[in-house]
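Data first, discussion second: the structure below is written as structure tokens.
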There are 2 protein chains.
Amino acid sequence: MGPSKKAQKTKERILKAAIEIFSEKGYSAARTSEIAKKAGVAEGTIFRYFPKKKDLLHEIVLEAIDTFGEIIALSSLKKVVEENKEKSLEEFLKAIVLDRVKIFNNYFNLAKVVFYEMQFHEDVRKMFVDKIAKKAVNLGKEIFGERQEMGDLKDIDLLIAARSFMGMVFIMLIQKQFLPEVSTTNDFEKEIETVIDIFLNGVKKRD
Amino acid sequence: MGPSKKAQKTKERILKAAIEIFSEKGYSAARTSEIAKKAGVAEGTIFRYFPKKKDLLHEIVLEAIDTFGEIIALSSLKKVVEENKEKSLEEFLKAIVLDRVKIFNNYFNLAKVVFYEMQFHEDVRKMFVDKIAKKAVNLGKEIFGERQEMGDLKDIDLLIAARSFMGMVFIMLIQKQFLPEVSTTNDFEKEIETVIDIFLNGVKKRD
DNA sequence: ATAAAAAGTGAGTAATCACTCAATTATCCC
DNA sequence: GGGATAATTGAGTGATTACTCACTTTTTAT
């Protein structure tokens, strides 16, 4: 007899609370007592499902890598790519970015925990590289490679191009999240359009 | 009578050890016993100089913000800018990036501690924003603004342009540091040239 | 309805850790 | 050299924390 529905719910509540606390103060500073309180269970209950505190982190990271690796990075993105294939490069990229950002926001805390703990746990880093980074790079190459074959793109290193584009978008999100007071505008769509314009056409005046 | 030379040395050894340990496992997971061991002092000695563990972090962050804010971000960069003013935009940016990356590597652990703890300590974040982020943004705007007036750049939002360029370089460094197995090339200079080319001219084929 | 199994509880425990302090050693100044 | 001051030491301490376990409550099966 497997775990009951209620047990499943309890486990999920604990995981959810742990993600929040971990993302708020980091794994090491997070207290199991606080996780229990936020999850609305007794502290002992946590240890019925996760014998060690580390097991909590590991399950969260595994879940996150599954979520990001399979669902987000691949199938749902491919759908967006398929749907927007016929559009101009500008619209194509804008559709992808808007879609990715929407998803990213939903999983922001989860992503924070993974990025953060990756630095300190070699096993987490390795999983991230194998299950996400490499796939993301390949997917980026694939998407841009297709456009390159279509004659839309210059003959440029696709890894660098895809990575650079990700960097531009990533730093925009980071800035908006952590340093909002630096911003000049709040028009997100407009800003994405500018970023895409820089990526596609550069900042240099044509001569 | 101020602190003796020896006392000064001891304090510096403790700070250096703390930066290493903090950057390795994060502030919370770092143990004062381990810092003492690495610094080659007794645990009690740490508390003569830093009554609380937090004081260690605060002094490190203050020092880092001073270092990055004043020395790196401003005077030394201005020198590089001045020296390369007459060159082409390509060479100008390449000189700046190479110079900044060299400095960044020297202070990598320190930067890691600041970036990392910024998430969890509001006071650290605020100092970072006031003393570094805003200055960096203004400097970026200034540098690019000058080139814009010279007619080298399009009429584009300078904050977004400067930030995007930083993002492209930043993600390159991050990838090389944390995900080296993803790389295809090891020719750093060549890669920077590609990044600059993308930033200046874009990836789109001219029609 | 009831017994057995599963889930949940929270006071208690052992281990860990930041921090103290009385004692020791090194440095300074005459 | 010696007395005063400053620096260092590390065993000890109280507080905190992950984790345990004997017990209670809830759920399930018949």
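Values below: all heavy atoms of this structure, side chains included; hydrogens, waters and symmetry mates excluded. Only a predicted model underlies this, so the values are computations on that prediction, with no experimental measurement involved. To find a chain, count down the sequence lines: A is the first, B the second, and so on, and within it residues start at 1.
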Those residues that, when tested against B:Glu91, pass side chain to side chain donor-acceptor pair (under 3.5 Å) (two or more places apart): B:Ser88
Carboxylate-amine/guanidinium proximity below 4.0 Å for A:Glu34 and A:Lys37: no
Whole-Å distance separating the OH atom of A:Tyr49 from the C1' atom of C:dA6: 9 Å
For A:Glu149, all residues meeting side chain to side chain donor-acceptor pair (under 3.5 Å), sequence neighbours excluded: none
Euclidean distance, atom NZ of residue A:Lys54 to atom C1' of D:dT17 [Å, nearest integer]: 16 Å
Residues B:Arg31, B:Glu43: salt bridge by 4.0 Å N-O rule: no
Below 4.0 Å: OP1/OP2 of D:dA18 and any side-chain N or O of A:Thr32: yes
Sugar-phosphate only, base, or nothing, as touched by B:Phe50 at under 4.0 Å among non-hydrogen atoms: nothing
Interatomic distance where CG belongs to A:Leu57 and P belongs to D:dA18 [whole Å]: 13 Å
Cation-pi, A:Phe22 ring and A:Lys112 (6.0 angstrom, 45 degrees): no
Within the 6.0 Å centroid threshold, strictly below: B:Phe92 and B:Phe165: no
B:Lys52 NZ - D:dA15 P separation (whole Å): 12 Å
Length of the line joining B:Gln8:CD and C:dC28:P, which is rounded to integer Å: 14 Å
For atom CZ of B:Arg31 and atom C1' of D:dT17, their distance in whole Å: 11 Å
Under the side chain to side chain donor-acceptor pair (under 3.5 Å) test, residues paired with A:Lys11 that sit two or more places apart: A:Glu59
Ring geometry between B:Tyr107 and B:Phe68 (parallel below 30°, tilted from 30 to 60°, perpendicular above 60°): perpendicular
Whole-Å distance separating the CD1 atom of B:Ile35 from the P atom of C:dC19: 11 Å
Sugar-phosphate, base or nothing in reach of A:Ala30, heavy atoms under 4.0 Å: sugar-phosphate
Distance in angstrom units between B:Phe47 CZ and C:dC19 C1', rounded: 5 Å
Contacts of type side chain to side chain donor-acceptor pair (under 3.5 Å), residue A:Glu86, not counting sequence neighbours: none
Strand contacts (DNA chain C) in residues 9-28 of chain A, 4.0 angstrom heavy-atom criterion: A:Thr10
Touch class at under 4.0 angstrom, heavy-atom based, for A:Ala29 against every strand present: nothing
Protein-nucleotides 9-13 of chain C N/O pairs under 3.5 Å:
residue, atom, partner, partner atom, Å
C:dT9, OP2, A:Ala42, N, 2.8
C:dT9, OP2, A:Thr45, OG1, 2.9

